Amino acid sequence: MWTPGAREDDEVVLTGSNLPAVGEYNQTVVLDAIRRHPDGSTRSKLATATGLSSMTVANVCRRLLASGLIEEHGTRVSGPGKPPGILRLNPAGGFSIGVHIDPAVVTYVVVDLAGEVRDHTRSGTPSAQDPASVIDEMGRSINALIETSGVDRSRVLGIGIATPGPVNIADGIVLNPPMLPHWHRVPLRTALSAATGLPVLLEKDVTAAAVAELWYADAADSRDFAFMYYGTGLGTGIAVGGEVVRGVSSNAGDPGHMTVDPNGPECVCGRRGCVGYSTTPRALVERAQREGIVPGAAAGIPEVDAAFTALAALARAGDAAAYAVVADAARQLARAVVVLVNLLDIERVIFGGPFWSRIASIVLDVLPSVVRSDPALVPPHDVRFTESVIPVDVAAVGAATLVFDSTFSPRASTLLISAG
């Protein structure tokens, strides 16, 4: 049995130990190695990759097969003698629930052991001042999704929640997200676990998105990147050396008050031209409404969402005024990207989030050249700009991945034996 923790996988397959006291650790090492070979691997190759003896690998694989976490498919001819069996993950061997709480919408996903999204649903973000009603609604939605998806509930390993910060990861508390005014010190982890009977992990949304990218990106992709998360607000998930950067309190990834336009609008913090205030969907909608590009006045999140959709559609259709609004935002984002690239010396910037796809084509048409021509750009290497590889809400999938990450990622700390 595995208990969800919180760690990302590494680029290099970790090796195991042949000591009998570390069977659980060896099990995660072998499972991790199998996961890294979606086309299948043999026992002998697993022994080579993990540094474990052939007997240890055979024993571990027998347990994994018996538990249903892996399957044996056919054989691979590699010489004389009996052809070795091919071991792969069993997609139905385990499932995880991912929940992404955005000020505009809550997304729920069911992800199988092979990383496929089996089912997903969305609902309006609860805004009730009573945290109990919020938890009840989320619990009902999760239980309903498990039932309608048809997955075996006994195979659900846990729930991962991605939420706007700030958060208290240690205690599983959502502290006081600025765009969720009624969410003040909500004990989401323990309350949702009680409502569903499942283990729960809590993570900041941009961090969850970065975890998902590390897990699902192609093996050849750089593992040093910034994930520009474009939702109701702007956030940044950071990975360096294949490890997500969380910070001391697990609240890293808030570039919102980075100045990109000294003459820009005054932010709530008192400064002018903060990127998190100037480039959000609400900011673009408000400008478009002032200039008469889209009708009405920005009000609640649903109205902003609809107006942003209309603005983006006009921009993509070639409306010059609408295009200028989005292009200006792209240039401001480019200034923030330059600061991040200089600070972290990364070679890849990934874009995603619930509002991203509507303006993706325009931003990626404008931003790269602005970054590369900026005289403030320091690193001599090229910077690549890509979109998220996740087809559904990346933070929701990232939240589900947190559970699998803790299952698959071998942790050397499990080898520590306390003094008696």
Side-chain angles (χ1 to χ4, degrees), residues 1-9 24 27-28 30-32 34-35 38 63-71 88-101 106-123 126 134-163 169 172 174 187-203 205 207-209 211-212 215-216 390-411:
M1 178 178 181
W2 297 294
T3 303
R7 188 185 182 278
E8 289 68 57
D9 71 32
E24 288 293 326
Q27 189 159 281
T28 61
V30 173
L31 196 57
D32 180 66
I34 293 172
R35 179 186 72 83
R63 293 197 300 269
L64 292 174
L65 284 165
S67 68
L69 291 174
I70 64 173
E71 296 177 322
R88 297 189 184 97
L89 287 179
N90 174 17
F95 303 92
S96 177
I97 308 299
V99 182
H100 174 212
I101 303 170
V106 181
T107 303
Y108 304 87
V109 297
V110 179
V111 181
D112 68 24
L113 209 54
E116 294 295 322
V117 176
R118 291 292 190 98
D119 201 356
H120 69 280
T121 186
R122 291 184 173 90
S123 65
V134 173
I135 306 302
D136 286 345
E137 181 174 338
M138 293 180 66
R140 286 193 297 271
S141 296
I142 290 171
N143 288 327
L145 180 61
I146 294 174
E147 183 175 349
T148 58
S149 67
V151 303
D152 183 350
R153 188 184 183 92
S154 68
R155 290 279 180 177
V156 177
L157 301 177
I159 301 168
I161 303 176
T163 178
I169 296 297
V174 179
L188 196 54
R189 188 180 65 201
T190 55
L192 194 56
S193 181
T196 61
L198 294 167
V200 176
L201 292 173
L202 180 68
E203 190 69 86
D205 49 9
T207 304
V211 169
W215 270 71
Y216 292 96
I390 312 301
V392 185
D393 187 313
V394 63
V397 175
T401 305
L402 293 170
V403 179
F404 291 143
D405 182 49
S406 65
T407 301
F408 287 129
S409 295
R411 288 168 286 164

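As the structure is a prediction and not an experimental result, all values here were calculated from the model. One is the number of the first residue; the rest follow in order along the sequence.
Proximity of V109 to D393: side-chain heavy atoms (C-beta onward) are nowhere separated by under 4.5 Å.
For D205 (side chain) and A395 (main-chain N/O), no donor-acceptor pair under 3.5 Å exists by modelled atom type. Checked by atom type and distance alone, the side chain of S193 never pairs as donor or acceptor with a backbone atom of R189 at under 3.5 Å. In this structure, the side chain of R155 engages the main chain of G93 through a donor-acceptor pair within 3.5 Å.
Taking OG1 of T148 as the reference point, atom CZ of R118 lies at 13.0 Å (rounded to 0.5 Å). Taking OG1 of T401 as the reference point, atom CH2 of W215 lies at 7.5 Å (rounded to 0.5 Å). To the nearest 0.5 angstrom, F404 atom CZ is 14.0 Å from D32 atom CG. Atom CG of L157 sits about 7.5 Å away from atom CG of L69, to the nearest 0.5 Å. Separation of atoms CE (M138) and CD1 (I161) is listed at 5.0 Å; rounding is to 0.5 Å. One finds the CD1 atom of I142 at 7.0 Å from the CD1 atom of I97 (value rounded to the nearest 0.5 Å).
Using a 3.5 Å distance cut-off with no hydrogens or angles, the side chains of D119 and S149 do not pair a donor with an acceptor.
In this view, R153 and N143, I146, T196, L198 satisfy the side-chain contact (heavy atoms from CB on, under 4.5 Å) rule, not counting sequence neighbours.
Looking at every heavy atom in both residues, A399 comes nearest to A162 through CB-N, 3.7 Å. Shortest non-hydrogen contact noted between A400 and V111 is CB-CG2, 3.7 Å. Listed here is the closest heavy atom pair of G139 and A195: CA-CB, 4.5 Å. In terms of heavy-atom proximity, E203 sits nearest to A208 at CG-N, 4.0 Å. Of all heavy-atom pairs between V394 and A212, the closest is O-CB, 3.9 Å.
Only one option out of V200, V99, I135 pairs with L188 in a side-chain contact (heavy atoms from CB on, under 4.5 Å); it is I135.
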- Task: Please assess L89 against L31 for the test side-chain contact (heavy atoms from CB on, under 4.5 Å), listing each intermediate value before the final yes or no.
- Result: CA-CA 8 Å; L89 287 179; L31 196 57; 3.7 Å; yes
